[in-house]
Amino acid sequence: MRIKPKNPKLLRARRIIVGGAALAAVLFVLLRPASDSSLSTEESAPLPETAATPVPEAEDAQGELNWQYPPGWIDYSDLPAKETLGDEEQPGLSNWRYLLVNGLSQENYLRENYYPDMVEIENGYFFQRRAADALREFLAAARAQGFTVSISRTYMSYPDQRTRFNGMASTIYDRGEVSLAEAEKEVAAMGYYPGADEHQTGLAVNFVGENAEAKFSTPVLEWMREHCAEYGFILRFPEGREEHTGREAEPGHFRYVGEIAAEYIMRKGITLEEFKDAYDESKNDPWAKKDSE
């Protein structure tokens, strides 16, 4: 019996269907996610990195990390408490130790009738009685180190300042280059106007070493500067702080302010003017300083 051949078109269609089904099965097996029993069900695949900008930290957003302090700014966060500066009679910055005298403002001039209670230290040099022992101890300590140290100036009265002022102005006027009024302005600009010299307080002292012409040999200067705070003294006119004091640097000029203030001032490398200003928050604000530049 002869079997009639099947329709070729039907066979071709059947082969296409079967082949497609087989291909689908293979793809399913290949593309099916692999199950790994070692992975915890709580773990998830890492998220792909994105180009989104991360949210900055709080202090970063405020600009704290990029903050640059103004040149010359000093951290006054550890200022001594005001109540520790004075005594029962004169608390805080109103204490006699911090009397500020300079030629920067007439508010800082002393009057002709200002005469503190004085006592002789040695060789006709007088100092305020309340600070005299501190000066004696300071001198004794320096001499105990083998240094030859002498006092060259302490108290200077208002009349003596006026005499000095007139003499300096006359010297400049005698050169014949300026008028007498201009000469007086020049002397006043140097800080030598009567009442503008803190020697009138009786709390300032100038020292000289063995060679008085040189003012100070380096070892003596270094020792006095490094140890003055132990006796309540500061280097009154340090180099580089002229804009605050209105005076040129004087390596041998020291001022009594008490041990608490002296330790702080010398450690920070500042002046009496800056120390007193630091207690005024409006003058001790780095943001304000930066904005004003």
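All heavy atoms count here, side chains included; hydrogens, waters and symmetry mates do not. All figures in this text were calculated on a predicted structure; none of them were measured in a lab.
Residues Y264 and F275 have side chains in contact (heavy-atom distance under 4.5 Å, counting atoms from C-beta outward). Within the 4.5 Å cutoff, no side-chain heavy atoms of I121 are placed close to those of F126. The shortest distance between side-chain heavy atoms of H199 and H253 falls below 4.5 Å. No side-chain heavy atom of R97 sits under 4.5 Å from any side-chain heavy atom of L203. Annotation: side chain of F237 is not in contact with side chain of E248 (no heavy-atom distance under 4.5 Å). Taking 4.5 Å as the limit, every side-chain heavy atom of Y256 sits out of range of all side-chain heavy atoms of V205. Two residues are said to be in side-chain contact when any heavy atoms from C-beta on lie closer than 4.5 Å; L139 and V149 meet this criterion. Inter-residue side-chain proximity for T271 and P238 is flagged as met; some heavy-atom pair is nearer than 4.5 Å.
Two rings, from F233 and F207, have their centers 6.0 Å or more apart.
Under the 4.0 Å criterion applied to side-chain N and carboxylate O atoms, E122 and R143 are assigned as salt-bridge partners.
With rounding to the nearest 0.5 angstrom, the CG atom of D277 is 8.5 Å from the OG atom of S282. We find the NZ-OH distance between K82 and Y279 to be 8.0 Å, quoted to the nearest 0.5 Å. Here the CZ atom belonging to R129 is positioned 4.5 Å from the CG atom belonging to D117, to the nearest 0.5 angstrom. Note that CG of L99 and CG of L110 are 5.5 Å apart. Values are rounded to the nearest 0.5 Å.
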Would D160 and R153 count as a salt bridge (Lys or Arg N to Asp or Glu O under 4.0 Å) if you check the C-alpha gap in whole Å, the side-chain angles of each, and the deciding distance to 0.1 Å?
-> CA-CA 12 Å; D160 287 343; R153 178 175 296 170; over 6 Å; no
Which is it for K268 and E274 under the salt bridge (Lys or Arg N to Asp or Glu O under 4.0 Å) test, yes or no, and what are the steps along the way?
-> CA-CA 10 Å; K268 295 287 185 178; E274 293 170 279; over 6 Å; no
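By the salt bridge (Lys or Arg N to Asp or Glu O under 4.0 Å) test, E259 pairs with no residue at all, sequence neighbours left out. Looking at residues two or more places apart in sequence or on another chain, you find no salt bridge (Lys or Arg N to Asp or Glu O under 4.0 Å) involving E242. Here R225 pairs with nothing under the salt bridge (Lys or Arg N to Asp or Glu O under 4.0 Å) rule; sequence neighbours left out. Remark: D87 engages no residue in a salt bridge (Lys or Arg N to Asp or Glu O under 4.0 Å) (not counting sequence neighbours).
E83 contributes no side-chain N or O that, together with a main-chain N or O of P91, makes up a donor-acceptor pair within less than 3.5 Å. For Q90 (side chain) and W96 (main-chain N/O), a donor-acceptor pair under 3.5 Å exists by modelled atom type. Between the side chain of Q200 and the backbone N or O of R111 there is at least one donor-acceptor pair closer than 3.5 Å.
Residue Y173 is found in a hydrophobic cluster whose other members, listed by chain and number, are L180; membership requires side-chain heavy atoms under 4.5 Å apart, directly or through intermediates.
In the hydrophobic clustering of ILVMFWY residues, with side-chain heavy atoms under 4.5 Å counting as a link, V208 and M156 come out apart.
Among R255, R247, K283, R236, the one residue that satisfies the salt bridge (charged side-chain N to carboxylate O under 4.0 Å, His left out) test with E273 is R236.
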Result block: side-chain N/O donor-acceptor pairs under 3.5 angstrom for residues 181-195, not counting sequence neighbours:
from: E182; atom 1: OE1; to: S179; atom 2: N; distance (Å): 3.0
from: E182; atom 1: OE1; to: S179; atom 2: OG; distance (Å): 3.4

